[in-house]
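Everything numeric in this text was worked out from a predicted model, so none of it was measured. Indexing begins at 1, ligand by ligand and atom by atom, following the structure's order.
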Amino acid sequence: VEAKEVQITDECKQLLSSLPKEIGWRTSHLYQYQGFWCQPAEIQSIVAFQKHFQSYENDIILATMPKSGTTWLKALAFTVVNRDRFPLSNKHPLLTSNPHDLVPFFEYKLYANNQIPDLTKYNAGGPRVFGTHIPFPSLANTAKKSNCRVVYLCRNPLDTFISSWHFIGSMSPFTLEEAFDMCCKGVIGFGPFWDHMLGYWKESKENPENLLFLTYECLKEDTVFHLKRLAKFLGFPFSMEEERSGVVEKIVELCSFQNLKEMEVNKKGKSIKNFENKMLFRKGEVGDWVNYLSPKMAEKMSTIMKEKLCGSGLKF
Ligand code: A3P
């Protein structure tokens, strides 16, 4: 999600020249920075974020690999924590704004293009909610050390790969098979998958009060149940009265794939550079990979994931 016109500073160019590189999915090269693969503009923003971000105790960070349900998680979390300020009504912000406009990314928005934002007044009146694809070990130290809450949404790598493949579409120089091989080698934006997942997984085991680990598949299967967990974790539990009056179900409905997909802002708008909002809502299903990948390809990924996740307690 890099803006083509982003200026890379000389300092960042120097950093890039010292990093391993591979042919990129979308920009000419991906670089391996702190163990994960990224585009130049992303690395520049991440460095600025790591240097300048100051975390508050009540900050909320929503973390994902690209294409694993970021938009959905942003919609749910934003609605939950702001429901006093923005009750469910025909004036709700999600009816006129894409979730990415309500919950900005550190790397594509706030610290993009070498800017250093003043976040002291951001979202005054509620917790600040941010989104990111940055792996846990590379989050700004202040975010890791403060008591802020991090929610990680993880998705089956095969579905995530297929979702990325469609998202990048004709911009990719690779065939599906070539892209899949790159992905199996770990070379995909913010990958390898396994390291990304494990970083957040380990933290969720060590600090469960600060890191909630969710999966797209579980969230799909029982959205009401996991939304209640999410609300409680974020410090905004639903009251008995809210549960009785169906607030949880109404939030699930508001943020559902079908509902968001049909909104005017998501059919016509453009919240992320180079991509139309409608591209953020493709199928929203679990297991769509079977329509694109051979059993042999799936087996290959499964073997790699088993080996990499072995002993961690995390399974896919
Ligand atoms: P598919 O391409 O498999 O349909 P991200 O938001 O991280 O970019 O992830 C995009 C994926 O999440 C896409 O998957 C998209 O359709 C799906 N998605 C978007 N909004 C959703 C929602 N409200 N509920 C469930 N899935 C959603």
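Of the protein's non-hydrogen atoms, the one nearest atom 6 (O) of ligand 1 is Thr71 OG1, 2.5 Å. Among protein heavy atoms, atom 18 (N) of ligand 1 sits closest to Phe257 CD1, 4.0 Å. Of the protein's heavy atoms, Ser163 OG, 3.6 Å lies nearest to atom 13 (C) of ligand 1. Protein heavy atom nearest atom 16 (O) of ligand 1, with residue, atom name and distance: Arg282 N, 3.0 Å. Ranking the protein heavy atoms by distance from atom 7 (O) of ligand 1 puts Thr70 OG1, 2.5 Å first.
Side chains of Leu119 and Tyr111 form a contact here, defined as non-hydrogen atoms less than 4.5 Å apart. Between Tyr108 and Lys273 the shortest side-chain heavy-atom distance does not fall below 4.5 Å. Considering only heavy atoms from C-beta on, Leu94 comes within 4.5 Å of Pro99 through its side chain. In this structure, the side chains of Ser302 and Lys306 come closer than 4.5 Å at one or more pairs of heavy atoms. Looking at heavy atoms from C-beta onward, Thr79 lies in side-chain contact with Cys255 at the 4.5 angstrom threshold.
Contacts between Ala75 and ligand 1, counted as non-hydrogen atom pairs separated by less than 4.0 Å, are absent for every part of the residue. For Phe167, no heavy-atom contact with ligand 1 is shorter than 4.0 Å. The proximity of His100 to ligand 1, defined as any non-hydrogen pair under 4.0 Å, does not occur for either the backbone or the side chain.
By the rule that hydrophobic residues join a cluster once side-chain heavy atoms approach within less than 4.5 Å of another member, Leu95 and Val252 end up as members of one cluster.
Shown in contact with Ser256 at under 4.0 Å from a heavy atom are these atoms of ligand 1, numbered in order with element: 23 (N). If you number the atoms of ligand 1 from 1 as listed, the ones under 4.0 Å from a heavy atom of Leu280 come out as 15 (C), 16 (O), 19 (C). Annotation for ligand 1: atoms under 4.0 Å from non-hydrogen atoms of Phe281 are 16 (O), 19 (C), 20 (N). Short contacts between ligand 1 and Gly284, defined as distances under 4.0 Å to a heavy atom of the residue, involve ligand atoms 1 (P), 4 (O), 16 (O), 26 (N).
Annotation: Cys255 places an N or O atom under 3.5 Å from an N or O atom of ligand 1; distance criterion only. Considering both main-chain and side-chain atoms, Pro66 never comes within under 3.5 Å of ligand 1 through any nitrogen or oxygen pair. Between Gly69 and ligand 1, a contact under 3.5 Å exists for at least one N or O pair. For ligand 1, one of its N or O atoms has an N or O atom of Lys283 under 3.5 Å away. For a threshold of 3.5 Å applied to N or O pairs, the pair formed by Glu285 and ligand 1 contains no separation below that value.
Using a 3.5 Å distance cut-off with no hydrogens or angles, the side chains of Ser271 and Asn277 do pair a donor with an acceptor. Side-chain atoms of Asp288 and Asn291 form a donor-acceptor pair, as typed in the model, at a separation below 3.5 Å.
For atom 26 (N) of ligand 1, the candidate residues are Trp72, Tyr216, Trp165, Trp289; the nearest heavy-atom contact is made by Tyr216. Relative to atom 3 (O) of ligand 1, the option among Arg155, Lys67, His166 with the closest non-hydrogen atom is Arg155.
With Phe167 as the aromatic partner, Lys67 meets the cation-pi criteria of under 6.0 angstrom to the ring centre and within 45 degrees of the ring axis. Within the cation-pi definition used here (under 6.0 Å to the ring centroid, within 45° of the axis), Arg83 does not qualify as a partner of Phe236. Cation-pi geometry between Lys74 and Trp72 is not met: the NZ or CZ atom fails to fall both under 6.0 Å from the ring centre and inside 45° of the normal.
Here the two rings, on Tyr200 and Phe213, have centers that are 6.0 Å apart or farther.
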